[in-house]
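Below is one structure; the comments refer to it alone.
Chain naming here is simple, since letters A, B, ... match the order of the sequence lines and numbering starts at 1 in each.
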Number of protein chains: 2
Amino acid sequence: MPYLTRDEPVDESIGCRILTAALQLFVERGYHNVSIHDVQKRAGVSIGSIYNHYGGKEGVAKGLYRHLLTELEAVIDNVIAGTPSPQAQCERVIRQLLDFTESRRDIMAFIFATRHREFLPGEPPICNSAPFMRLRDIVRHGIEQGTFRAMDPWVGASAVFGGTIRLIQLRLDGMVTQPLPELADELIVTTWRGVLPGEITTSAREA
Amino acid sequence: MPYLTRDEPVDESIGCRILTAALQLFVERGYHNVSIHDVQKRAGVSIGSIYNHYGGKEGVAKGLYRHLLTELEAVIDNVIAGTPSPQAQCERVIRQLLDFTESRRDIMAFIFATRHREFLPGEPPICNSAPFMRLRDIVRHGIEQGTFRAMDPWVGASAVFGGTIRLIQLRLDGMVTQPLPELADELIVTTWRGVLPGEITTSAREA
DNA sequence: GTCTATACGCTGATAGAC
DNA sequence: GTCTATCAGCGTATAGAC
């Protein structure tokens with residue numbers, strides 16, 4: 001069952017095979033360029049099974065969406081529970097996301113490079129999903145207790161995670177060729193300089 | 001003709017009416033949830049005209065895509081030409097993008113919140129388009145001449161523009177309710193702290 | 001529960017009048 | 001160049017056998 005946290009999908013149940021095939025195809029071609037027949041073919045099951053398990057194409061996407069967000073939420077909650085400060089929590093989450101981009105490319109692409117709104121109108125937008133709210137809560141908490149500089153919470157969240165998300169998207173689009181974990185240290189240093197308090201001694205060096 | 005730089009689309013030509021209608025519909029529902037008939041209806045023209053002007057649905061999207069990127073490129077080139085330092089160039093571009101998010105919402109949504117790859121397979125990905133390359137060039141130039149700290153160019157580009165792009169996307173998704181220009185100063189301060197050189201005096205304040 | 005065969009609607013595209 | 005009427009193909013969903 002777990003896609004994000006286990007190495008091989010040991011679960012060979014039909015439901016899991018359907019979700020795995022759908023994830024691959026949706027990421028490869030985009031939801032609307034994938035037909036039920038494509039999913040059925042790659043999963044090695046029949047159309048009837050798909051309708052029995054998920055009620056149709058949109059049901060498959062909905063099941064996949066909820067499942068992956070639940071897994072991501074669990075990962076983040078684990079980090080939060082096992083890490084003391086907001087700063088350390090953010091840093092661990094960032095590193096984890098960079099790692100996942102290499103090891104779980106499809107999942108990251110489905111989460112960070114998909115317009116779910118276009119095929120899951122009933123679902124809450126991904127920015128409002130539990131894992132993303134958790135991340136914003138960390139930042140807000142950090143701002144309140146002075147770990148981060150005082151600033152608008154949305155600016156804070158964008159400053160802390162915007163660079164990471166952008167880098168992930170550039171990597172998923174094939175622009176960045178270097179594995180992201182190798183860039184983690186530079187990215188994190190830059191991120192902390194942006195949001196941590198402290199005076200910055202800018203020696204004016206404009207020509 | 002110009003969408004991004006002029007206030008009202010004075011051009012009432014059929015070609016412009018088609019692009020305007022398509023832009024609205026694509027942003028509202030997503031490319032695949034819009035039919036030719038929808039575009040034809042909203043533009044107040046016939047299907048035949050659409051095929052005469054753009055050769056079909058994908059042609060409309062392609063025309064829109066190229067036109068908007070060309071306009072954005074011109075805006076960025078103007079900023080570059082009229083602004084001395086890489087830092088000032090980035091800052092002016094960021095403020096301009098935040099302004100456009102309020103005044104040209106549809107255009108920004110089409111550029112920053114659309115998976116063009118899913119319906120324009122022949123076009124180069126938007127990260128490789130001229131305007132985005134220009135932005136990266138500014139950052140690379142700034143790193144080379146020491147305006148920005150030494151770092152991987154991709155990390156630099158993500159650090160400079162990632163927060164802005166994230167904030168724009170959150171605004172387009174309706175999460176951020178405040179007009180972005182009001183948040184510009186905070187965002188820019190944070191961005192520069194991240195990438196500008198200079199020692200930062202972090203008084204350790206972890207509890 | 002799983003599968004195959006089929007039906008129906010929608011949509012992109014075309015033909016041909018004006 | 002602009003328009004209307006029409007077609008053909010695809011894709012979702014269902015019916016019904018096993």
Item to check | A:Glu58 CD to D:dG11 C1', straight-line distance once rounded to whole Å | outcome: 15 Å
Checklist entry - Do B:Phe112 and B:Phe132 make the cut of ring centroids closer than 6.0 angstrom? => result yes
Checklist entry - Quick one: does NZ or CZ of A:Lys57 land under 6.0 Å from the six-membered ring centre of A:Phe119, within 45 degrees of the ring axis? => result no
Item to check | Nearest to side-chain heavy atoms of A:Tyr51, which nucleotide of D:dC3, C:dG12, D:dT14 | outcome: D:dT14
Checklist outcome for this item: Rounded to whole Å, CD1 of A:Ile36 lies from C1' of C:dC3 at a distance of 15 Å
Next on the checklist: Are B:His116 and B:Phe110 an aromatic pair, judged by ring center distance below 6.0 Å?
Outcome noted: yes
Next on the checklist: Need one value for A:Val34: base, sugar-phosphate or nothing, where a base atom within 4.0 Å counts as base even if backbone is also close, heavy atoms only.
Outcome noted: sugar-phosphate
Checklist entry - Rounded to the nearest Å, what distance is computed from the CD atom of residue B:Gln40 to the P atom of nucleotide C:dT11? => result 13 Å
Checklist outcome for this item: Atom CG of B:Asp38 and atom P of C:dC10 are separated, to the nearest Å, by 12 Å
Checklist outcome for this item: Ranking C:dC3, D:dC3, D:dA13 by distance to the side chain of A:Ser49, first place goes to C:dC3
Checklist entry - Between atom NE2 in A:His37 and atom P in C:dT4, what is the gap in whole Å? => result 12 Å
Checklist entry - Step by step, would you call A:Arg149 with B:Glu186 a salt bridge (Lys or Arg N to Asp or Glu O under 4.0 Å)? => result CA-CA 10 Å; A:Arg149 284 174 28 243; B:Glu186 273 190 355; over 6 Å; no
Checklist outcome for this item: By nearest-heavy-atom nucleotide on DNA chain D, the more 5' of A:Gly48 and A:Asn33 is A:Asn33
Next on the checklist: Without decimals, in angstroms, what is the distance between B:Tyr54 OH and C:dG12 P?
Outcome noted: 17 Å
Next on the checklist: Nearest to the B:Ser35 side chain among D:dC3, C:dG12, D:dT12, which nucleotide is it?
Outcome noted: C:dG12
Next on the checklist: Let's see if you can work this out: which of D:dC3, D:dT12, C:dT2 has an atom nearest to the side-chain heavy atoms of A:His53?
Outcome noted: C:dT2
Next on the checklist: Side chain of A:Ile47, heavy atoms from C-beta onward: which of C:dT14, C:dT2, D:dA13 has the nearest atom to it?
Outcome noted: D:dA13
Next on the checklist: Rounding to an integer number of Å, can you tell me how far A:Lys57 NZ sits from D:dC10 P?
Outcome noted: 15 Å
Item to check | Nucleotide nearest B:Ser46 when distance is taken to its side chain, options C:dT14, D:dC3, C:dC3 | outcome: D:dC3
Item to check | For atom CD1 of B:Ile50 and atom P of C:dT11, their distance in whole Å | outcome: 14 Å
Next on the checklist: salt bridge (Lys or Arg N to Asp or Glu O under 4.0 Å), that's the test. Do B:Glu118 and A:Arg115 meet it? Break it down for me.
Outcome noted: CA-CA 11 Å; B:Glu118 292 184 8; A:Arg115 297 295 303 169; over 6 Å; no
